[in-house]
Amino acid sequence: MARHLITSAIPYINGIKHLGNLIGSQLPADLYARYQRARGHEVLFLCATDEHGTPAELAAAKAGKPVAEYCAEMHDIQAQIADGFRLSFDHFGRSSSPQNHKLTQAFAGRLADVGLIKEVTEEQVYSVADGRFLPDRYIEGTCPNCGFESARGDQCDNCTKQLDPTDLINPHSTISGATDLEVRETKHLYLRQSELKNDLAAWIDSKKDWPILTTSIAKKWLTDGDGLQDRGITRDLDWGIPVKKGDADWPGMEGKVFYVWFDAPIEYIACAQEWEDAGKGTDWERWWRTDKGADDVRYTQFMGKDNVPFHTLSFPATIMGTNEPWKLVDYIKSFNYLNYDGGQFSTSRGRGVFMDQALEILPPDYWRWWLLSHAPESSDAEFTWENFQTDVNKDLADVLGNFVSRITKFCRSKFGEIVPAGGSYGPAEEQLIADLTTRLRAYEGFMDGIEVRKAAAELRAIWVLGNEYLQANAPWTTFKTDPETAAMQVRLALNLIRIYAVLSAPFIPDAAAEMIAAMQTQDKDWPTDIAVAVAALPAGQSFTVPDNLFRKITDEEREEWEERFAGTRD
RNA sequence: GGCGCGGUAGCUCAGUUGGUUAGAGCGAUCGACUCAUAAUCGAUAGGUCGGGAGUUCAAGUCUCCCCCACGCCA
């Protein structure tokens, strides 16, 4: 039995994510976690909310709530939606947890001890009225390039130019509107990533099996321009993890917090501790410390391509820099973007489907199947309602759902709701078992390699084999002259339902559970040996005819949703 | 402007280290079947592989130039 540590990129606390975010990390991570569990491996699957930084503070202010309260509420909402999509996290943690506070401070302290932290004095805009510095989005003014009046401290939303707060004309605080701003010196900590450049490069080079998308992005950051740059890991903010050197105060850093990108990945580790502290497991270090049992763990991360630099460089630098035996990632699966009907998903314009809305209109399996079978692995992928409708109707309702329906109903009418006895295999059955075995091995190969689209295509082909078998052997015709053989054919087909349930569960867990329940079995074992698995449901076992597993999406619904989610064009 | 990922049948996508008639699913057309959610199964038709030049006995697959889309950065 192998051990798999699996993490999904942690979604930012601010707002509900869209389907592109879902397929970019959490959903494929869940697929992989469910698959590895089904194969009998030990899995720790972790995710969390990323709660620090200015966007959280601003969103809380807009909602008129203290930021801690806002984050707690949003965490619950995201947890609920994740549950709605059946994301099977062993723990859904929070980067604001006490565990992450301690661990982040410990990492910083350790990095300082080994000389990988430097202090840098820089100039920042300070608001006298607010009594604080105004980083990034806390300051607005007129853009010096295009004259846009609401340009932010870090970027102009009109001309997209990157800005420094000190560039702005007539700057003011977005908190109070105050204009009595001055430039003050402030001290910040930098992680000396550049010191680790060679180690990182060697490590990346050793990962021959990583997706091109992952390594090409990492290498670009390593070699582009002057190479990997040292990175500021602190901010003049209130909301965040206070800067401390382990348990000790950090002279000169009073009132400052760690930058969100420093503490967020450390939450992957802290989350395991939260998992244990929540009573869901024991000995979290067994997953994260190679000196405490984690040397046989295979660690796989899932993320969108925008997160790759942090996971291939900054976070590994944090870990490698400590010289402590923390587990490094073994495989990074990164995804491109999902486009919505020829454009991008857009939160501000309400364009595209968001996770809560998706669950309002259809059950999770519909979305899981379509998104996973169209995962943006090799390039950006495209969501269109027409595609969604035809694919879901065909694959789920016609190929799989109807298969279950046709065989259970046929059996009920001829033999009753009992797996019928009698008859013996002929060449057709041997051939079916051989074909299923071939395809199952291929399916396992794609799932092990996290080739999501190919795995979905193979699974679908496995479903089709059942329909082909019924069509070619026509038990409804056989029954008229040879009821014994018809009974054998039906018994075999009923067993396919159980097998399909087990194989399909990582993609469509709800439908799989219904199929298992209808077959009235507890046997969810992986059908490693198909010849054995096709006899798992013995003659005489009762079953029930389930309701249709999937309904079809109508043209009217498709048109309605197309309009509803089109958003406002600019 | 620099860089990155792409541009393959109507649609969504596969195509290992260059090698016989370029593949799948959907959609379309035709046929079979009637157990089933007007479902299923089979067959057929669709591509000068973005454009051009080059290397080679041989290029979708390598090199160069150009065009288009998306993204990142300055």
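Residue numbers begin at 1 in each chain, while the letters A, B, ... track the order of the sequences. Values reported hereafter were calculated over all heavy atoms of this structure, with side chains retained and with hydrogens, waters and symmetry mates removed.
- None of A:R231, A:E122, A:K118 except one satisfies the side chain to side chain donor-acceptor pair (under 3.5 Å) rule with A:Y190; the exception is A:E122.
- Atom CD of A:E417 has more than 12 heavy atoms from other residues, nucleotides or ligands within 6.0 Å.
- Comparing the same atom, C1', in B:rU8 and in B:rU61 gives a spacing of 12 Å after rounding to whole Å.
- Other residues, nucleotides and ligands contribute over 12 non-hydrogen atoms within 6.0 Å of the CG atom of A:D555.
- Nucleotides B:rA59 and B:rG54, compared at atom P, are 12 Å apart to the nearest Å.
- Note: A:F403 and A:Y500 meet the aromatic proximity criterion, with ring centroids under 6.0 Å apart.
- Base contact: A:F550 has a heavy atom under 4.0 Å from a base atom.
- Rounded to an integer number of Å, the gap from CH2 of A:W463 to P of B:rU37 is 19 Å.
- Distance A:D306 CG to B:rC73 P: 10 Å, rounded to the nearest Å.
- With both ends at atom P, the span from B:rG15 to B:rA28 equals 27 Å, rounded to whole Å.
- Nucleic acid contact for A:K454: sugar-phosphate only, since backbone atoms but no base atoms lie under 4.0 Å from a heavy atom of the residue.
- Rounded to a whole angstrom, the distance from the C1' atom of B:rU48 to that of B:rU21 is 16 Å.
- Here A:A472 lies out of heavy-atom contact (under 4.0 Å) with every strand.
- Nucleic acid contact class of A:L549 (heavy atoms, under 4.0 Å, all strands): base.
- A donor-acceptor contact closer than 3.5 angstrom links the side chains of A:Y35 and A:D448.
- Shown here, B:rG31 is classed anti by the O4'-C1'-N9-C4 or O4'-C1'-N1-C2 angle, which is more than 90° from 0.
- Comparing B:rC13, B:rU34, B:rA36 by their closest approach to the side chain of A:S405 singles out B:rA36.
- A distance of about 13 Å separates the C1' atoms of B:rC13 and B:rG7, rounded to the whole Å.
- A:N548 comes within 4.0 angstrom of a nucleotide base, judged by non-hydrogen atoms across all strands.
- The gap from the C1' atom of B:rU17 to that of B:rG51 amounts to 28 Å, rounded to the nearest Å.
- Nucleotides B:rG19 and B:rA36, compared at atom C1', are 47 Å apart to the nearest Å.
- Checked against the 6.0 Å centroid threshold, A:Y32 and A:Y331 do not count as a close aromatic pair.
- If you check B:rU12, B:rC26, B:rU37 against the side chain of A:E382, the one that comes closest is B:rU12.
- At a threshold of 4.0 angstrom between heavy atoms, the contacts of A:V404 with the nucleic acid are absent.
- Backbone-only engagement by A:R453 is indicated by non-hydrogen atom pairs under 4.0 Å involving sugar-phosphate atoms exclusively.
- Comparing atom distances between the A:H374 side chain and each of B:rC35, B:rU12, B:rC26 picks out B:rU12 as nearest.
- One can find a donor-acceptor pair under 3.5 Å joining the base of B:rA36 and the side-chain atoms of A:N402.
- B:rA9 and B:rG52 are spaced 16 Å apart, taking the P atom of each and rounding to whole Å.
- Remark: B:rC73 base-pairs with B:rG1. Criterion, Watson-Crick or G-U wobble with two distances under 3.5 Å.
- Of the candidate nucleotides B:rC41, B:rA39, B:rC26, B:rC41 has the atom nearest to the side chain of A:V464.
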